[in-house]
Trainee: 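One structure follows; several queries about it will come next.
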2 protein chains.
Amino acid sequence: MQIEPELCKVEDALGILVGKWKPIILLHLLKNGTQRFSELKRSLPGITQKMLTKQLRELEEEDIIQRVVYAQVPPKVEYSITEYGRGLEPILEAMHEWGTKHTLHKREMQRKASI
Amino acid sequence: MQIEPELCKVEDALGILVGKWKPIILLHLLKNGTQRFSELKRSLPGITQKMLTKQLRELEEEDIIQRVVYAQVPPKVEYSITEYGRGLEPILEAMHEWGTKHTLHKREMQRKASI
DNA sequence: CCCAATAGTATCCTTTTGTATACTATAGCA
DNA sequence: TGCTATAGTATACAAAAGGATACTATTGGG
C-alpha cells in the first residue's frame, strides 16, 4: 500500500459513507432491497425528512442508490442500491466485523479501569 | 448480517475513522511505523497543531494508537499503532480498494456525461 | 367540504469540525 | 544574552453537519 496518491481513494470511500445516517441507510437498502421513502423514514427513528432527503440525494449523486418516482397521488418514490453501490458491502462488512471486536474491547477496558 | 443491534457497531468503526485527518494519520502510522509528532505534522501538509493534537488524543483515547513521552528538552513524543488499532487495516484496505474502482467509475460517468 | 397520506421544501437554530494565529516552557548553543 | 527546536495550549473565528418546526401539492374517501 503506497501512500500519497492512495490517500484520496480512502478518503473518497470515507466521503461517501460518512454522516450520521448514510451507513444505516445503505445497510437497510442492502438488507431489505427496494424501499419507499416512508419505509426508510420509519426504519430510521429520529431522522428528519430534511436529513433523509439530503442523504438520499447525495447517495444518488454518487450513483450508489437509484431513485424511481411513480406518477401517483399520493406520491410514491422507491430507492434501491445500484450494482455499483453494492460494491460498498465489503467495507460495511469490515466495519461491522471490527465494530463487534471493538464492543468487546471497550467492555474489557472498562472492566480493567474499574478495578 | 442482522440489522438493529448491528448498526451501532458499524457506526463505532466509522466514528473512529471519520474526520478529515484520522484516516491519513492511521495510514501513515501503519505504513511508516512509530513517528514523532513533528514527523507526522510534516507528513500532513495543511494540518494545524491543534488539529493534529486533537486527532491523536482521540485515537489514543480509543486505544488505537499509543503515545510515549520522553523526558527530554526539546520534547520528544512518539506515536505508534497499537495491536488493537492494527485491526483497522482491513477496513482501510477495503476502502482503498473500493476507492480505486470509484475513481475509474467517476471518470467513466464524466465521459458519458460529456457526450 | 374537509381530512388523511406521501414526499417532499423552506426557514431558523444549535452543535460539531476545522482554521488561523499567537503564546508557552526549557536545554543547548553561538 | 538571545536564538532554535519540540510539542504542545489558548483564543477567536468560519464552515459544515444536523435538528426542529412549519409549510406545500394532490386526490380519493367520508
Side-chain angles (χ1 to χ4, degrees), chain A residues 7-8 10-29 32-62 64-80, chain B residues 7-8 10-29 32-62 64-80:
Chain A
L7 286 176
C8 55
V10 173
E11 287 177 327
D12 273 359
L14 215 48
I16 280 168
L17 290 174
V18 155
K20 186 166 168 186
W21 303 106
K22 278 182 191 155
I24 321 190
I25 293 171
L26 290 174
L27 281 173
H28 270 283
L29 290 176
N32 305 325
T34 302
Q35 301 245 235
R36 296 183 61 164
F37 184 87
S38 52
E39 289 177 302
L40 281 172
K41 188 162 184 309
R42 269 189 290 275
S43 304
L44 306 167
I47 199 171
T48 59
Q49 289 194 254
K50 180 192 156 189
M51 263 297 127
L52 182 51
T53 303
K54 195 183 161 214
Q55 305 306 306
L56 291 170
R57 290 288 186 284
E58 288 173 12
L59 290 170
E60 194 194 355
E61 183 74 16
E62 297 282 0
I64 305 298
I65 65 172
Q66 204 192 355
R67 178 168 179 266
V68 179
V69 183
Y70 295 84
Q72 299 180 0
V73 169
K76 174 177 169 183
V77 179
E78 284 184 344
Y79 293 91
S80 54
Chain B
L7 286 176
C8 54
V10 174
E11 289 177 326
D12 273 359
L14 214 50
I16 279 167
L17 290 174
V18 155
K20 185 167 171 188
W21 302 105
K22 278 183 191 154
I24 321 189
I25 293 171
L26 290 174
L27 282 173
H28 270 282
L29 290 176
N32 305 325
T34 301
Q35 300 245 238
R36 296 183 63 165
F37 184 87
S38 52
E39 290 177 301
L40 282 172
K41 189 161 183 310
R42 270 189 289 275
S43 304
L44 305 168
I47 200 171
T48 59
Q49 288 193 255
K50 182 189 156 191
M51 262 299 126
L52 182 51
T53 303
K54 195 182 160 214
Q55 304 307 307
L56 290 170
R57 290 289 185 286
E58 288 172 13
L59 290 169
E60 194 194 354
E61 183 75 14
E62 297 283 359
I64 305 298
I65 65 173
Q66 203 192 357
R67 178 168 178 266
V68 178
V69 184
Y70 294 85
Q72 299 180 1
V73 169
K76 175 176 169 184
V77 179
E78 283 185 343
Y79 293 91
S80 55

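Numbered from 1 within each chain, the chains take letters A, B, ... in sequence-line order. Given the structure is predicted, the values throughout are model-derived calculations rather than measurements.
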Trainee: Answer yes or no: is there a side-chain heavy-atom contact under 4.5 Å between Lys54(B) and Trp21(B)?
Mentor: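 They are not in contact (no side-chain heavy atoms under 4.5 Å apart), so the answer is no.
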Trainee: Quick check: do Val18(B) and Leu17(A) have side-chain heavy atoms less than 4.5 Å from each other?
Mentor: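 The answer is no, as the side chains (C-beta and beyond) never meet within the 4.5 Å cut-off.
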Trainee: In degrees rounded to 10°, what angle is found between the helical axes fit to the five outermost pairs at each end of the helix from dC1(C)-dG30(D) to dA30(C)-dT1(D)?
Mentor: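 Overall, the helix from dC1(C)-dG30(D) to dA30(C)-dT1(D) bends by 30° from one end axis to the other.
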Trainee: For the residue pair Leu29(A) and Leu40(A), establish whether any side-chain heavy-atom pair is separated by less than 4.5 Å.
Mentor: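 Of all side-chain heavy-atom pairs linking Leu40(A) with Leu29(A), at least one is under 4.5 Å.
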Trainee: With rounding to the nearest 0.5 Å, note down the distance linking CD1 in Ile64(B) to CG in Leu56(B).
Mentor: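 That separation rounds to 12.5 Å.
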Trainee: With sequence neighbours left out, what residues match Lys41(A) under side-chain hydrogen bond (donor to acceptor under 3.5 Å, both in side chains)?
Mentor: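 Scan of Lys41(A) (side-chain hydrogen bond (donor to acceptor under 3.5 Å, both in side chains), adjacent residues dropped) gives none.
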Trainee: For Leu52(A) and dA20(D), what is the distance between atoms CG and P respectively, to the nearest whole Å?
Mentor: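 Between P of dA20(D) and CG of Leu52(A): 15 Å.
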Trainee: From the 5' end of DNA chain C to its 3' end, which nucleotides mark the outer limits of contact with chain A, defined by a 4.0 Å heavy-atom distance cut-off (strictly under)?
Mentor: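 So the outermost contacting nucleotides come out as dA5(C) to dC12(C).
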Trainee: Provide a list of protein-nucleic acid N or O atom pairs under 3.5 angstrom, restricted to nucleotides 9-14 of chain D.
Mentor:
{"from": "dT9(D)", "atom 1": "OP1", "to": "Arg57(B)", "atom 2": "NH2", "distance (Å)": "3.4"}
{"from": "dA12(D)", "atom 1": "N6", "to": "Lys50(B)", "atom 2": "NZ", "distance (Å)": "3.0"}

Trainee: Over all strands shown, is Tyr79(B) touching base, sugar-phosphate only, or nothing at heavy-atom distances under 4.0 angstrom?
Mentor: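 The residue Tyr79(B) makes sugar-phosphate contact but no base contact.
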Trainee: Mind listing the closest non-hydrogen atom pair of Leu59(A) and Leu26(A) along with its distance?
Mentor: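 Closest approach of Leu59(A) to Leu26(A), heavy atoms only: CD1-CD2, 4.1 Å.
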Trainee: Let me check something: any side-chain donor-acceptor pairs from residues 65-76 of chain B under 3.5 Å, sequence neighbours excluded? List them with distances.
Mentor:
{"from": "Arg67(B)", "atom 1": "NE", "to": "Tyr79(B)", "atom 2": "OH", "distance (Å)": "3.2"}
{"from": "Tyr70(B)", "atom 1": "OH", "to": "Glu78(B)", "atom 2": "OE1", "distance (Å)": "3.0"}

Trainee: Not counting sequence neighbours, which residues clear side-chain hydrogen bond (donor to acceptor under 3.5 Å, both in side chains) with Glu58(B)? List them please.
Mentor: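 Counting only residues at least two positions away or on another chain, Glu58(B) forms a side-chain hydrogen bond (donor to acceptor under 3.5 Å, both in side chains) with Lys22(B).
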Trainee: CG of Leu44(A) versus P of dG19(D): gap in Å, rounded?
Mentor: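 Rounding to the nearest Å, CG of Leu44(A) and P of dG19(D) are 12 Å apart.
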Trainee: Under 4.0 Å from any atom of DNA chain C, heavy atoms only: list the residues of residues 13-21 of chain B that qualify, in numerical order.
Mentor: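 Here the set is Gly19(B), Lys20(B), Trp21(B).
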Trainee: Could you grab the distance from atom CD1 of Ile25(B) to atom CD of Gln35(B), nearest 0.5 Å is fine?
Mentor: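 It is 11.0 Å, given to the nearest 0.5 Å.
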Trainee: Is Val10(B) close to Ile24(A) at the side-chain level, that is, under 4.5 Å between some pair of heavy atoms?
Mentor: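 No - every pair of side-chain heavy atoms lies 4.5 Å or more apart.
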Trainee: Contact between Met51(A) and Leu44(A) at the side-chain level, heavy atoms closer than 4.5 Å - yes or no?
Mentor: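 No, every pair of side-chain atoms sits at 4.5 Å or beyond.
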Trainee: Distances under 3.5 Å only, N/O to N/O: pair up the protein atoms with those of nucleotides 1-6 of chain D.
Mentor:
{"from": "dT6(D)", "atom 1": "O3'", "to": "Arg36(B)", "atom 2": "NH2", "distance (Å)": "3.1"}
{"from": "dT6(D)", "atom 1": "O3'", "to": "Pro75(B)", "atom 2": "O", "distance (Å)": "2.7"}

